[in-house]
Amino acid sequence: MDLKSLPLAALAFSFALPPTHVLAQDEELHEEATQDPPEQDAIIVSGNLPEDSDIRGAVRAVMQERGNTDPIHRYLDPLCLHVTGMNAQSNAFVRARMLANAEEAEIDLGEEGCTANAIVFVVAEPGELLDLLQERQPWLLTSDERRRVEHEAGEGEPVLVWHNFEDRSAQGNQIAHSATVPGAGGSATPLSVNVRVNTQARPSRSTATHSTAVQSGVVVLDMDWLVGMDLERISDFATMRLLAPGLVPFGHEFTRPTSVTSPFIAEEGETEMTRFDRAYLRALYGLQPNAAANRLPAAVLREYESDG
């Protein structure tokens with residue numbers, strides 16, 4: 001998906017959050033600032049930590065690859081994020097917190113003026129946004145993804161998420177176009193056209209010969225579901241759904257460990273990224289580009305334990 005030509009300013013204006021729906025961020029920050037600071041010697045009591053099997057089981061339950069030996073999916077290029085649909089102050093707050101989350105997970109960030117490869121929409125009518133994208137840039141969604149997303153929008157899902165991917169070399173580099181098949185010689189006829197050929201691949205029984213990069217990602221949040229939620233929670237939820245494309249949290253009941261991704265309902269669930277969420281992102285982006293998906297549960301467990 002090429003977001004470079006997406007009329008972001010026009011879309012932001014079309015779906016700008018009315019003043020009556022502005023989230024009360026300033027008031028909450030003021031209240032927190034006027035409260036007495038906690039005592040330095042205060043003791044914080046928390047529940048029992050989940051077992052190792054709980055961590056591994058949660059990862060396996062919510063990862064789309066589900067133990068697959070194919071490479072995990074994630075951003076390999078610097079993240080260039082755009083947030084639109086709310087007032088300017090709220091957009092800026094959500095963007096800044098999401099970038100801070102990404103930086104904590106050691107994800108490379110794009111420089112100022114970069115071309116967006118990640119976008120978060122907050123809209124009152126997700127279906128209308130999909131129609132607008134279909135009209136102006138029909139290539140943003142593949143036919144299979146479009147059917148899925150449109151179905152979810154029709155069912156009233158609070159969040160729509162899709163990513164576009166491309167194969168890379170095992171090291172995460174873009175694959176060059178070539179008219180020659182690696183290893184072909186003698187009387188072999190070169191290809192009649194230039195196509196992407198993974199010339200750096202080497203056969204291996206234990207590791208993949210390629211990696212899978214997120215070319216671009218989109219998260220669409222239904223404004224009606226955000227009533228009563230703090231901007232911190234919205235930011236952290238969007239972070240997980242955008243930066244962990246293999247994460248499918250719905251349908252799994254997060255008890256031990258917990259996650260900001262479930263349930264995504266006002267007055268219920270976690271209000272910010274949890275220890276599990278942060279471990280998930282650090283593990284996902286800490287593995288080598290061509291790491292198999294079945295290595296993720298153990299990697300998340302290591303990060304979770306190291307955070308203690």
Side-chain angles (χ1 to χ4, degrees), residues 1-18 21-23 64 73-88 90-95 97-99 102 110 113-167 212-227 229 231 234-235 237-250 261 264:
M1 172 171 59
D2 180 11
L3 293 176
K4 185 174 183 179
S5 56
L6 184 63
L8 296 176
L11 289 174
F13 177 80
S14 300
F15 297 99
L17 193 62
H21 290 81
V22 174
L23 301 177
Q64 190 174 36
H73 300 166
R74 64 178 187 255
Y75 280 90
L76 296 178
D77 299 322
L79 180 71
C80 187
L81 174 66
H82 186 86
V83 178
T84 185
M86 299 177 286
N87 60 76
S90 297
N91 289 335
F93 180 94
V94 170
R95 182 177 183 273
R97 185 175 175 97
M98 291 181 67
L99 291 178
C114 58
T115 300
N117 58 9
I119 184 169
V120 175
F121 287 104
V122 179
V123 297
E125 297 292 342
E128 292 183 4
L129 173 63
L130 295 179
D131 292 340
L132 182 61
L133 295 179
Q134 171 66 14
E135 175 185 343
R136 297 186 179 182
Q137 296 202 3
W139 56 87
L140 290 178
L141 279 165
T142 64
S143 57
D144 290 341
E145 283 287 84
R146 183 178 297 112
R147 284 192 291 268
R148 175 185 66 81
V149 172
E150 288 178 346
H151 173 75
E152 292 176 354
E155 292 293 315
E157 292 292 335
V159 56
L160 307 176
V161 181
W162 69 88
H163 296 83
N164 283 346
F165 306 97
E166 69 174 2
D167 288 338
T212 301
V214 174
Q215 198 174 27
S216 58
V218 176
V219 173
V220 180
L221 298 172
D222 189 331
M223 190 183 301
D224 290 340
W225 282 79
L226 305 185
V227 176
M229 292 189 188
L231 289 177
I234 296 169
S235 307
F237 176 86
T239 296
M240 293 300 297
R241 296 310 311 274
L242 186 65
L243 300 185
L247 178 68
V248 185
F250 302 130
T261 62
F264 189 51

Residues forming a side-chain contact (heavy atoms from CB on, under 4.5 Å) with Arg97, sequence neighbours excluded: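 Counting only residues at least two positions away or on another chain, Arg97 forms a side-chain contact (heavy atoms from CB on, under 4.5 Å) with Phe93, Asn101, Glu232, Ser235, Asp236, Glu272.
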
Would you please name every residue forming a side-chain contact (heavy atoms from CB on, under 4.5 Å) with Ala153, sequence neighbours left out?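 Scan of Ala153 (side-chain contact (heavy atoms from CB on, under 4.5 Å), adjacent residues dropped) gives Leu130, Leu160.
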
[atom1] of [X] to [atom2] of [Y]: how many Å apart, nearest 0.5 Å?
X	Y	atom1	atom2	value
Glu128	Glu135	CD	CD	12.0 Å
Glu125	Met223	CD	CE	9.5 Å
Leu132	Phe121	CG	CZ	8.5 Å

Can you tell me if Asn117 uses its side chain to pair, donor with acceptor, with the backbone of Cys80 under 3.5 Å?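 Answer holds: yes.
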
Determine the minimum heavy-atom distance between Ala238 and Val219, stating which atoms define it.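 Shortest heavy-atom contact: O-CG2, 4.4 Å.
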
I need the minimum non-hydrogen distance between Gly217 and His163, along with the two atoms involved.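 Looking at all heavy atoms of both residues, the shortest contact is CA-CD2, 3.7 Å.
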
Do the side chains of [Y] and [X] get nearer than 4.5 Å, heavy atoms only?
X	Y	result
Asp167	Thr212	yes
Leu231	Met86	yes
Leu243	Leu79	yes

Could you walk me through whether Tyr75 and Leu242 pass side chain to side chain contact (heavy atoms under 4.5 Å, CB included), step by step? CA-CA 10 Å; Tyr75 280 90; Leu242 186 65; 4.0 Å; yes

Apply the test side chain to side chain contact (heavy atoms under 4.5 Å, CB included) to residues Leu226 and Leu221: give CA-CA distance (whole Å), side-chain angles for both, the deciding distance (0.1 Å), then the verdict. CA-CA 8 Å; Leu226 305 185; Leu221 298 172; 4.3 Å; yes

List the residues meeting salt bridge (Lys or Arg N to Asp or Glu O under 4.0 Å) with Asp222, not counting sequence neighbours, and say none if there are none.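 Salt bridge (Lys or Arg N to Asp or Glu O under 4.0 Å) check on Asp222 returns nothing, list empty.
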
Those residues that, when tested against Arg148, pass salt bridge (Lys or Arg N to Asp or Glu O under 4.0 Å) (two or more places apart):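 Counting only residues at least two positions away or on another chain, Arg148 forms a salt bridge (Lys or Arg N to Asp or Glu O under 4.0 Å) with Glu145, Glu152.
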
Phe237 vs Phe264 aromatic rings, parallel, tilted or perpendicular, using cut-offs 30° and 60°?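 Because their plane-to-plane angle is under 30°, the rings of Phe237 and Phe264 count as parallel.
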
Who pairs with Thr261 by side-chain hydrogen bond (donor to acceptor under 3.5 Å, both in side chains), at least two apart in sequence or on another chain?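 In terms of side-chain hydrogen bond (donor to acceptor under 3.5 Å, both in side chains), with neighbours along the sequence ignored, Thr261 is linked to Ser259.
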
Taking it one step at a time, do Arg95 and Leu99 satisfy side chain to side chain contact (heavy atoms under 4.5 Å, CB included)? CA-CA 6 Å; Arg95 182 177 183 273; Leu99 291 178; 3.6 Å; yes

Given the rule in the side chain to side chain contact (heavy atoms under 4.5 Å, CB included) test, do Arg146 and Gln134 qualify, once you have shown the distances and angles that lead to the verdict? CA-CA 9 Å; Arg146 183 178 297 112; Gln134 171 66 14; 2.7 Å; yes

Residues in ring-ring contact (aromatic ring centres under 6.0 Å, His included) contact with Phe250, at least two apart in sequence or another chain: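 Checked Phe250 against ring-ring contact (aromatic ring centres under 6.0 Å, His included); zero matches.
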
